[in-house]
Structure formats: structure tokens, C-alpha cells
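Step one of this worksheet: look at the structure below.
Ligands are counted one by one from 1 in listed order, and the atoms in each one are counted from 1 as well. Just so it is clear, the values below take in all heavy atoms, side chains as well, and ignore hydrogens, waters and symmetry mates. Computed from a prediction, not measured in an experiment: that's the story for all the values here.
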Amino acid sequence: MDDKAMLMIPGPTPVPETVLRAMAKHPIGHRSGDFSKIISEVNANLKWLFQTQNDVLAIAASGTGAMEAAMINFLSPGDQVIVGCNGKFGERWADVAKAFGLDVQIISAEWGKPLDTEAFRTALEADSQKAIKAVVITHSETSTGVLNDLETINQHVKAHGEALIIVDAVTSLGAYNLPIDQLGLDVVGSGSQKGFMIPPGLGFVSVGEKAWQAYETAKLPRFYFDLGKYRKSAAKDSTPFTPPINLYFALHAALEMMRAEGLEAIFARHERHKQAARAAAKALGLPLLAPDENASPAVTAILPDGVEAEQIRSAMRKQFDIALAGGQDHLKGKIFRIGHLGFVCDRDILTIIGALEATLQSLGYERFTPGSGVAAASQQLQ
Ligand SMILES: Cc1ncc(COP(=O)(O)O)c(C=O)c1O
């Protein structure tokens, strides 16, 4: 049957009908009064979602573009930066930093394990010359389903005093409580196809005052991603370049929906779905890659034993038209990932777990009592 596809990957995420309808319009002029009004409302709601009075700048880019902008606007060639690497995306930010000629120190952890906050403390305390200019952290490491302890690492950065903290919140923004102003996070990047419930194409960067000061002297080359241009335009309810207008329509509608649900309810929903997915995996005898204490609210990575991850994905796709994500790099073929980010409801979780049980049975995996996964998930959804 067509038109019943269910997207349960950690981005792109499902898009609500209201949002799809909002997008399905003829574009309007991006310098028109009507569009200025949309920009003004979108920017106000982005500040609400990011829990900040900082500028939250939207650029026509994916999350990687947002993170590139988050780094290059505040640093100069040869600057020392620390990058936390415990998965695909942390590694990507180290590559971006190297590509721009930064002096990169990597603090790594095994994929599936959280970053060791003490390693950040040690490195920052040892820097008596205050040469470290930034610390780049991936909050929710989507490739493994690990939520890094950003709060503690941020405290160590604050104690250092000089370094900026630059955060990849691509799959934590809109899923996990990230009070940017309260934590004093200098630069935070995210992307539209995740917790924002709209298609890919917009990247977001929140920039605080300390980062704007660094911007004044930063010498890395920038043009399209020059955030100063976006800031100037945002002050006039405008954008420096032609924006993806229909994505703004979508974002306008999605942010209204999020405001109606409320931040606390949104975070509680993601927490509930994380707990349900993890409880179900345990009941089904499926090992989880990330530890309970550092589990992402956006994605659950499962490392099956006694049944092939790719067979599960392929059977789920064929029989139920449910898309799950696979592993990346060395985890390819070893894990599968359930995305529960954005426009996901309790019913979706029960559907996934029910379909997963049926799939496991059809693959001859018998290490569970039929119904136990659904029962464990339902208990968390009470
Ligand atoms: C944590 C994280 N950072 C960065 C990215 C990259 O975003 P994009 O693919 O939109 O460039 C992703 C995408 O999945 C992500 O999950």
C-alpha cells in the first residue's frame, strides 16, 4: 500500500499535515511586508524554543552548514580548539576545524560511550596561557544515541574563562531541555529536519555576546556564512540572501504548534519515548549501545545479538514500510537506530515496537516472550 511510509530515523523526521499544508503555497517575495512579518514571528519563536535572548540566526543550510558557521565566525587560523569526538558528528567537527586550519586537540571516547568530562577539565586547567579559544561538543551524538554531559563540560569551559563553548544541538534542540541563557552557551547550532518538525534546508545558530566579541577579531574566511550579515538583517526582519521561503512557512507553522504544546510537554514526550524504546529493547533481549545515564532523547541505538541489524531494518521496511536508521562508519551493519525525535507520538512508539516484535519472530529470533516489548513500552507510556 502506498502513502503509509513511517519515518522513524533521527532526521529527516516526520512532518505534520498542518506544516505540509503551510508549505504547499506559492512563494512570496522575500522583501515583502508579508514575509517580514513571518520572519519577525519566526525569530521571536526561535528565541523561545532556544530559551535565549541571543540572536538565533537561520541560514539556508543543513546542520553541518550551521555548525561550520558556528565555528568559522569566531576563530582565526591556528587557534587552539578542543573537539569532543565520540561518534560520527564529533569527528566531523574535528574535520571542519582542521579544514579551516585550526589547531585541533581531540578528546575522544569510544563510540557508544559518553565523553569523559574530567578529560575536559584537565585539558582546560592545564592551559594557563589561555590559548584554547573554543571547545566544540556534540550534545546528542546521533550516530550512537549518546547524550553527552554538556552541563559539566560547560562548567569546565566557564572556569577556563577564555574559551567559547560551541555546541552541536542538532538532535537535542527541541527534544531536551537546553536553557541556553541559563547555561551561558556561547554558540549553539541546529538543523530544521530534526526536532523542528519541518523538512531539511534550514540551519540555526544562536550566538551570545561573548561570541559576538570574538567575531570582531576572528579572521577565518567567511562570506555566505558570515553571521554578522544575518544578524544585521534579522534586526530588520529580513535575511541577507534569498531564504527558502516555503521552509519559513513551514517553520512558522511548526513553531506555533510547538508553542501550543509547550516546552515542558515536548521534553517530557521525548523522555517518555526514550524510556519506552529502551524498556522495550531490554524486554526483547536487545542490547542498547548507549548507557541509561547518557541516553539521547532523540534516538535509541540497538546492537542486536543473534539477529542481523540489517535484516531487521530490511524486514521492517518491506513488511511494515517503517524506515529505521542503520549504523554509520564502523557501526554499519552492527546497529540499528530508532529515531523518536520531533513529530512522534505514543502511538508511533507502540507501532514500532509491535512491528519490531513481529519482525524478530519472522527472523527466527526467539529470545523474548511475544508481547513483552509492547508491554514494557506501554508501561512507560502510562
Ligand atoms: C548530531 C548531528 N550533528 C550534525 C548533523 C549534520 O546535519 P546535516 O546532515 O543536516 O548536515 C546531524 C545529522 O544527522 C546530527 O545528527
Closest non-hydrogen atom pair between [X] and [Y], with its separation:
X    : Y    : result
D186 : K210 : OD1-CB, 3.8 Å
F320 : T359 : CE1-OG1, 3.5 Å
G29  : S32  : O-OG, 2.7 Å

- Query: At a 4.0 Å threshold, what atoms of ligand 1 neighbour a non-hydrogen atom of S140?
  - Reply: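 Answer, ordered by atom number: 1 (C).
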
- Task: Show which atoms of ligand 1 fall inside a sub-4.0 Å distance from at least one heavy-atom site of R92.
- Result: 6 (C)

- Note on the structure: Of S62, G339, P10, the residue with the heavy atom nearest atom 11 (O) of ligand 1 is S62

- Can you tell which of T138, T171, D168, I9 gets a heavy atom nearest to atom 3 (N) of ligand 1?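 Residue with the shortest heavy-atom distance to the ligand atom: D168.
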
- Task: Heavy-atom distances under 4.0 Å are what count here, so tell me which part of E141 touches ligand 1: side chain, backbone, both or neither.
- Result: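 Neither; nothing of E141 gets under 4.0 Å from ligand 1.
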
- Message: Heavy-atom pairs closer than 4.0 Å: do any link ligand 1 to the side chain of M67, the backbone, both, or neither?
- Response: neither

Among protein heavy atoms, which lies nearest [atom], and at what distance?
atom                    : result
atom 12 (C) of ligand 1 : F89 CE2, 3.3 Å
atom 6 (C) of ligand 1  : T64 OG1, 3.4 Å
atom 14 (O) of ligand 1 : K194 NZ, 2.6 Å
atom 9 (O) of ligand 1  : Q193 NE2, 4.0 Å
atom 16 (O) of ligand 1 : T142 OG1, 2.5 Å

- Query: Is there a nitrogen or oxygen of W93 sitting under 3.5 Å from a nitrogen or oxygen of ligand 1?
  - Reply: no

- Message: I want to know if ligand 1 touches G63 in the polar sense, i.e. an N/O pair below 3.5 angstrom.
- Response: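 By distance alone, the answer is yes.
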
- Query: Does K158 use its side chain to pair, donor to acceptor, with the backbone of G184 at less than 3.5 Å?
  - Reply: yes

- Share the residues that join W111 in a hydrophobic cluster, the rule being Ile, Leu, Val, Met, Phe, Trp or Tyr side chains under 4.5 Å apart at the heavy-atom level.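 Besides W111, the cluster holds L289, L303, L331, I335.
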
- Task: Could you tell me whether K229 sits above the aromatic face of F241, with NZ or CZ closer than 6.0 angstrom to the six-membered ring centre and within 45 degrees of the axis?
- Result: no

- Ring-face cation contact, F249 with K25, 6.0 Å cut, 45° max: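 Verdict for F249: a cation-pi partner in K25.
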
- Message: Measuring centre to centre across the rings, with the benzene-like ring taken for any Trp, is F204 within less than 6.0 Å of F196?
- Response: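 Yes, the ring centres sit under 6.0 Å apart.
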
- Message: Holding to side chain to side chain donor-acceptor pair (under 3.5 Å), I want the full list of residues that pass it with K130, two or more places apart in sequence or in another chain.
- Response: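 If we apply the side chain to side chain donor-acceptor pair (under 3.5 Å) test to K130, skipping adjacent residues, there are no hits.
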
